[in-house]
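As structure tokens, the structure follows; a few thoughts come after it.
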Amino acid sequence: MTDQNNSLENAAHDLATLEAQLNGAIVGQQQLVRELLIAVFAGGHVLLEGLPGLGKTHLARALAASVELQFGRVQCTPDLLPSDITGSEILIGGGHAPGAIEFRPGPVFANLVLVDEVNRATPRTQAALLEAMQERQVTYGGQCHALPDPFCVLATQNPIELEGTFPLPEAQLDRFLFKLFVPYPAADSLQALLTTSLDQEPADHLEPVCSLSRARELIAAGRQVLSAEEVRSAAIKLVLATQPESEFASAVAREHIRYGASPRALQSLIRAARIRALFEGRVHIACEDLAALAHPALRHRILLHTTSELEGHTENSILDQIVEEWAEAHL
Amino acid sequence: MNIEATETHALHAFLVAVRRRLWSTQSQVYARSLLWQIALLLSILAGVHHLVVQVPRTISLLGVLALMLLTLARCVRSRPTLAASAAAADREFGGRALLTTAVECWQQPNPSGAAKIVLQQASEAARSWRGGISTHFRRSGTTTTTLAIVPLFAGLVLLSIAGKESNGKVAAADAASIAGIENNSLGQSIAATEEIAMLRTPPADDYRSGQSEADAGQRVAARTELTPRQTTGPDVATDRIPPPDARRAGAGTAAASADNGDLPGQALANPGLPAREAQSRVTRRELIELQRTGEIIASGENRFATFSDADKPDRGLPLDVLAASAPETRARWISLTAAQAAYVNRYLTETGNAND
């Protein structure tokens with residue numbers, strides 16, 4: 001119990017240290033770094049969407065270096081096979097018994113897996129990856145192989161060059177805790193970028209500031225963060241506000257949303273709010289945490305009507321109105 | 001980590017103080033609402049009393065009491081819980097659900113490590129916020145409360161005026177008319193009656209002769225057998241006339257009495273009638289209303305035309321015409337003071353027109 005209490009009390013400090021190191025390596029992406037760390041320590045997976053060259057791969061590598069995480073990377077192409085991700089069995093010889101078959105784990109067997117341009121992989125390959133994300137294990141040849149703990153997938157996708165891609169279906173998008181947009185850096189950030197990463201990659205020179213065991217403790221500490229009944233009720237109402245058929249649905253949702261957020265979205269919201277509370281030195285979540293994480297947690301879980309999309313509405317703009325309306329009653 | 005009892009005590013004391021503040025603020029709202037409701041009720045009752053029908057004071061008191069009891073019940077039910085007080089304090093002090101979570105942790109039999117941390121943080125926050133309760137939970141201004149007293153006072157005044165008007169004026173005028181009789185001054189009695197009615201009367205007719213008035217007054221004084229005690233009985237100064245239906249019932253009774261040979265005026269003084277009816281008074285308001293409806297035509301010297309006549313809706317009848325009218329017409333007299341009834345009765349008797 002004492003260790004748990006110490007873990008809770010030092011969590012804010014450790015998380016702040018980690019965040020500071022990443023902000024030093026990735027310039028001008030403070031909010032992205034914070035949300036990424038929240039998702040990782042909440043035990044979830046992240047879908048990163050951004051234009052090429054914004055540092056998505058660099059961010060993943062910096063995170064892996066800072067937390068002593070095993071890092072794996074998969075570059076998706078249309079000819080990528082599921083076994084290229086999960087691994088496969090090979091026939092081995094030499095000193096082993098002839099005809100022996102050994103399972104060689106794929107790149108998914110890492111603590112932090114970067115899957116670049118996941119929308120370029122075929123649906124079959126996507127399914128293999130998403131199964132691993134959900135089950136945290138790989139089944140090959142009738143045998144289950146557990147994935148490391150912690151296990152986090154950072155999948156990226158390009159918002160342009162959509163020809164020949166296979167967009168992730170909504171059911172599979174729901175498995176990601178967050179969908180984060182990687183914004184274009186500001187001018188001063190680009191100045192700093194030239195200073196820090198013109199001739200070298202900062203991620204290559206980062207020292208770990210958080211051990212793997214400490215990372216596990218922080219993940220466990222997040223599960224101990226308390227949530228009051230009032231806050232849970234507020235979270236439920238926020239998620240139901242996106243459901244057009246719900247009694248708590250907002251007018252905007254009834255007009256523009258075809259399918260709202262699932263119960264998994266509610267779980268994701270609470271889990272993420274816990275880590276955000278830890279970042280701020282609290283061991284209880286508040287409605288402010290829910291409001292701050294509503295967009296990353298919900299934007300990829302709602303489906304708009306086609307007419308609403310043609311009118312120019314986006315998930316973000318609809319969520320802006322829903323969260324604003326919800327905040328009037330709960331903040 | 002051990003949570004000392006004093007820490008939870010600090011948190012509990014803070015939440016109790018917040019609850020007390022919230023409840024007193026809410027109670028003030030209820031009290032202000034009650035004042036407005038009472039003011040409205042009294043104003044309505046005063047209006048009804050003036051314009052429609054007499055409203056007994058017990059009805060007013062019962063109405064006020066009912067409103068007070070209802071408000072008290074609502075006030076008691078609105079007492080906030082500690083959890084609601086915690087939520088309010090979180091909103092006001094920016095606690096971000098700290099106190100709300102602490103209240104839930106409080107109720108756990110074996111609080112976890114995180115729960116103990118929350119309780120500790122909540123107790124520290126409670127100590128630092130204790131002094132700011134009055135600042136954050138300001139009571140609403142007294143302006144609207146003061147404003148509510150104005151219509152309340154107006155309602156009370158209206159209601160009390162309604163009572164005093166009917167009692168005071170009639171009592172004063174009746175005392176004057178009785179005094180006139182006692183002083184053998186019929187003119188004073190008639191003037192008092194005019195004052196009651198507040199009606200413009202036509203020029204005096206033949207009956208305004210002072211000598212005949214004096215004679216009439218003497219005859220009244222000699223034969224009415226009304227003593228000052230009788231004229232100043234407890235009901236004289238304060239009684240009011242019964243409502244029109246009762247008056248008509250009384251008049252019906254008087255008509256029956258007339259048919260049986262009793263004089264209409266005597267019918268009013270007939271012991272068979274309720275004493276209140278025999279000694280009732282006509283208030284100014286009722287006389288005006290009676291004039292409007294045609295039941296009373298005029299009052300003035302020698303014109304105790306306190307009944308309606310379809311042929312002469314706006315002119316008083318001389319007493320001789322009155323005496324010549326049918327008993328059932330005379331029986332529709334509304335009310336007269338005992339002295340006035342006695343006078344009319346005496347006049348009719350002496351003129352020999354009592355029995356038709």
Side-chain angles (χ1 to χ4, degrees), chain A residues 1-13 15 41-42 217-238 269-294 326-331, chain B residues 1-5 7-8 10-12 14-16 18-19 22 78-129 136-137:
Chain A
M1 185 65 70
T2 305
D3 292 337
Q4 287 180 352
N5 293 342
N6 289 335
S7 177
L8 283 169
E9 290 171 343
N10 297 328
H13 174 265
L15 289 170
F41 286 99
E217 287 176 2
L218 289 173
I219 292 172
R223 295 196 189 105
Q224 295 179 52
V225 173
L226 301 171
S227 55
E229 177 63 33
E230 183 182 330
V231 178
R232 288 197 294 270
S233 298
I236 290 169
K237 286 180 183 170
L238 177 58
L269 202 53
I270 297 293
R271 283 160 52 195
R274 286 172 173 172
I275 305 302
R276 187 177 186 274
L278 276 183
F279 262 100
E280 299 195 350
R282 288 182 278 115
V283 292
H284 66 280
I285 64 175
C287 291
E288 285 81 357
D289 299 321
L290 302 175
L293 299 172
W326 171 88
E328 286 177 3
H330 295 95
L331 289 182
Chain B
M1 178 188 309
N2 295 319
I3 299 297
E4 298 292 338
E7 292 182 341
T8 56
L11 176 60
H12 182 263
F14 173 77
L15 292 177
V16 166
V18 170
R19 178 171 65 181
L22 289 174
S78 71
R79 184 172 185 249
T81 60
L82 280 183
S85 305
D90 275 332
R91 276 193 300 272
E92 289 296 325
F93 291 97
R96 288 191 287 182
L98 173 63
L99 299 181
T100 308
T101 310
V103 169
E104 288 187 13
C105 295
W106 207 343
Q107 297 163 356
Q108 294 175 4
N110 294 315
S112 62
K116 290 179 181 176
I117 294 175
V118 167
L119 284 170
Q120 187 180 25
Q121 290 177 347
S123 297
E124 289 169 3
R127 284 195 201 92
S128 66
W129 293 341
H136 284 84
F137 294 100

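Quick note on labels: first sequence line is chain A, next is B, and so on, each numbered from 1. Just so it is clear, the values below take in all heavy atoms, side chains as well, and ignore hydrogens, waters and symmetry mates.
Heavy atoms closer than 4.5 Å to chain B are found in the side chain of A:E288, but not in its backbone. The contact between A:I285 and chain B is made entirely by backbone atoms, counting heavy-atom distances below 4.5 Å.
How far CZ of B:R91 is from SG of A:C287: 10.0 Å, rounded to the nearest 0.5 Å. For the atom pair CG of A:L226 and OG1 of B:T100, the computed distance is 12.5 Å after rounding to the nearest 0.5 Å. Here the CZ-CD1 distance, from A:R282 to B:I117, works out to 13.5 Å after rounding to the nearest 0.5 Å.
Contact detail for B:A114 and A:Q224: the closest heavy-atom pair is CB-O, 3.4 Å. Closest approach of B:E104 and A:R232 over heavy atoms only: OE1-NH2, 4.4 Å.
Between the side chain of A:H284 and the main chain of B:R96, a donor-acceptor pair closer than 3.5 Å is present.
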